[in-house]
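Numbers for residues simply follow the sequence, beginning at 1. Model, not experiment: these values are computed from the prediction. Remember, it's 1-based here, ligands and their atoms both numbered in the order they're listed.
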Amino acid sequence: MIVMEPNTQNADIEAVVARIASIGCESHVSHGQERSVIGATGDQGELQQLPWEAMVGVERAVPVLKSFKLVSRDFQTEDTVIEVRGVKIGAGSFTAMAGPCAVENRDQLFRSAEAVVKSGAKVLRGDAFKPRTSPYSFQGLGEAGLQLMAEAREEFNVPFIAEVLDPRDVEMVASYADILRIGTRNMSNYTLLTEVGRQLRPVQLKRGFTSSIEEWLSAAEFMYKEGNHQIMLVERGIRTFEIASRNTLDITAVPILKKLSHLPVIVDPSHSGGYQYLVAPLARVAVAAGADGFLIDVHHSPETAQVDGGQALLPSEFEDLMVVIRKLADAMGVTVT
Ligand code: PEP
Ligand code: MN
C-alpha cells in the first residue's frame, strides 16, 4: 500500500501507477478526502524491493500482510456509500430492506411489497432462486420471479435485491435486479464471486455460516479486486453449539467490520434468529450496534409461505418495528433513509 502525501499532484499518482504496472502488478487508487492511497497487488517480493519513498509525492509504503487489502480501512479511510436509484446506503444512515423471502406469485409479492414500502422500507427483497437444504423444497420461480420483482419495482418505486446462485445466471439476474445477493452457502464460491465482481451492480455478500470475519472479508476482496466496489457485508448468523435459534447472530461482527473495513454492514435478523419472535429484538440490536441497515423477511400470510414462514414478520409487525427503529436511530444520531 503506497500512501501519498496530502494534496499530491495527479501526475505523481500516475507515475506510481506506471511503476507498479512496469513490474507486472496491478494498482487500485483510493482518492480520500485528505490523501490518496494506492493499493498494489501482485508479487509482494517485487513490490517490496522498490524504493517507493524515493518517488515524488510518496509519503510511505506499507506492506499489508492481511488476506484482504482493498476492502480494508487501511486502504480507504472513508466509509463506502452505495447509491441505488437515489437510496444511499452507508455512512451515517440506516436503510430498511424488506420483503418476502421468495417470490411465490404476483398477489403475494405485491401485498408484501406495498406494505413494507408504506412502512419505510427503501429496498425490496424477494428471491427467484432459492438455495434449499432439501432438493424437494420449493426452489423459486426463476426468471419469471424476477419479472414480477421488476413489475413491483415500477409499481412501488423501490429498487430490489435478489439472490444469484449460479455463475451462469449472473448476467441474467443483473439485467433485472438493482442489487445482487450472494447467499451464505455461496460465500466461498470463488467462480461466482469472480463473475459478480465483474458486474457493475451493487452486491450483498452474506457471511458464510461457518466463516470467520477474515474469510468473509477475503471473499469480498475477490469481488473488489475484479472491479466491483459496491459491496455490502450482511451478517446473517453463524452456526454455533446453540440450537435454540436457527443461527447465532454475531452482533460483535458489526463493530469489528466497521473497524476493519470501509464497506457498509447490514444485519439480517430473520435468517439469524429463524423465529418470528426473535426478529424485532435482533433488528433493534442492529441499529444500536451501528449497522447500516437490515434485511427482513415479511409475508402477508406466514402460515402459508412456501419458504421461511416461521421467521417472517406480518406487515403490521414490520410497521410496528419501524416505529421503534426510528426512535432508536434518532437516539443514535442516525437517519433512517
Ligand atoms: C435469504 O436471504 O433468503 C437466504 C437464503 O439467506 P442465507 O443465504 O443467509 O441463508
Ligand atoms: Mn429466507
In terms of side-chain heavy atoms, does [X] have a donor or acceptor partner in [Y] at a distance below 3.5 Å?
X: Ser112; Y: His300; value: no
X: Ser93; Y: Thr335; value: no
X: Glu317; Y: Gln276; value: yes
X: Asn105; Y: Gln108; value: no
X: Ser67; Y: Ser218; value: yes

One line per pair, note the atom names and distance for all nitrogen or oxygen contacts under 3.5 Å between ligand 1 and the protein.
from: ligand 1; atom 1: 2 (O); to: Arg125; atom 2: NH1; distance (Å): 2.9
from: ligand 1; atom 1: 2 (O); to: Arg125; atom 2: NH2; distance (Å): 3.4
from: ligand 1; atom 1: 2 (O); to: Arg181; atom 2: NH2; distance (Å): 3.1
from: ligand 1; atom 1: 2 (O); to: Lys206; atom 2: NZ; distance (Å): 2.8
from: ligand 1; atom 1: 3 (O); to: Arg125; atom 2: NH2; distance (Å): 2.7
from: ligand 1; atom 1: 3 (O); to: Lys130; atom 2: NZ; distance (Å): 2.8
from: ligand 1; atom 1: 3 (O); to: His271; atom 2: NE2; distance (Å): 3.1
from: ligand 1; atom 1: 6 (O); to: Lys206; atom 2: NZ; distance (Å): 2.8
from: ligand 1; atom 1: 8 (O); to: Thr184; atom 2: N; distance (Å): 2.8
from: ligand 1; atom 1: 9 (O); to: Lys206; atom 2: NZ; distance (Å): 2.9
from: ligand 1; atom 1: 9 (O); to: Arg236; atom 2: NE; distance (Å): 2.6
from: ligand 1; atom 1: 9 (O); to: Arg236; atom 2: NH2; distance (Å): 3.4
from: ligand 1; atom 1: 10 (O); to: Arg185; atom 2: NH1; distance (Å): 3.3
from: ligand 1; atom 1: 10 (O); to: Arg236; atom 2: NH2; distance (Å): 2.8

Quiz prompt | Neighbour count above 12 (heavy atom, 6.0 Å) for Glu114 CD | solution =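 No, because the 6.0 Å sphere around CD of Glu114 holds 12 heavy atoms or fewer from other groups.
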Quiz prompt | Neighbouring protein N, O or S atoms of the Mn ion (ligand 2) [cut-off: under 2.8 Å, no waters] | solution =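 Near the Mn ion (ligand 2), the protein supplies Cys101 SG, His271 NE2, Asp308 OD2.
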Exercise. Not counting sequence neighbours, list each pair that qualifies as a side-chain hydrogen bond (donor to acceptor under 3.5 Å, both in side chains) and has a residue in residues 38-53.
Key: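 Applying side-chain hydrogen bond (donor to acceptor under 3.5 Å, both in side chains) to every pair that reaches into residues 38-53, excluding sequence neighbours, yields His28-Thr41.
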Quiz item: With sequence neighbours excluded, what pairs up with Arg153 under the side-chain contact (heavy atoms from CB on, under 4.5 Å) test?
Solution: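 Applying side-chain contact (heavy atoms from CB on, under 4.5 Å) to Arg153 gives Arg85, Ala150, Phe160, Asp178.
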Practice problem: Compare all side-chain heavy atoms of Leu217 with those of Leu233 and state whether any distance is below 4.5 angstrom. | Solution: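 Yes. Closest side-chain heavy atoms under 4.5 Å.
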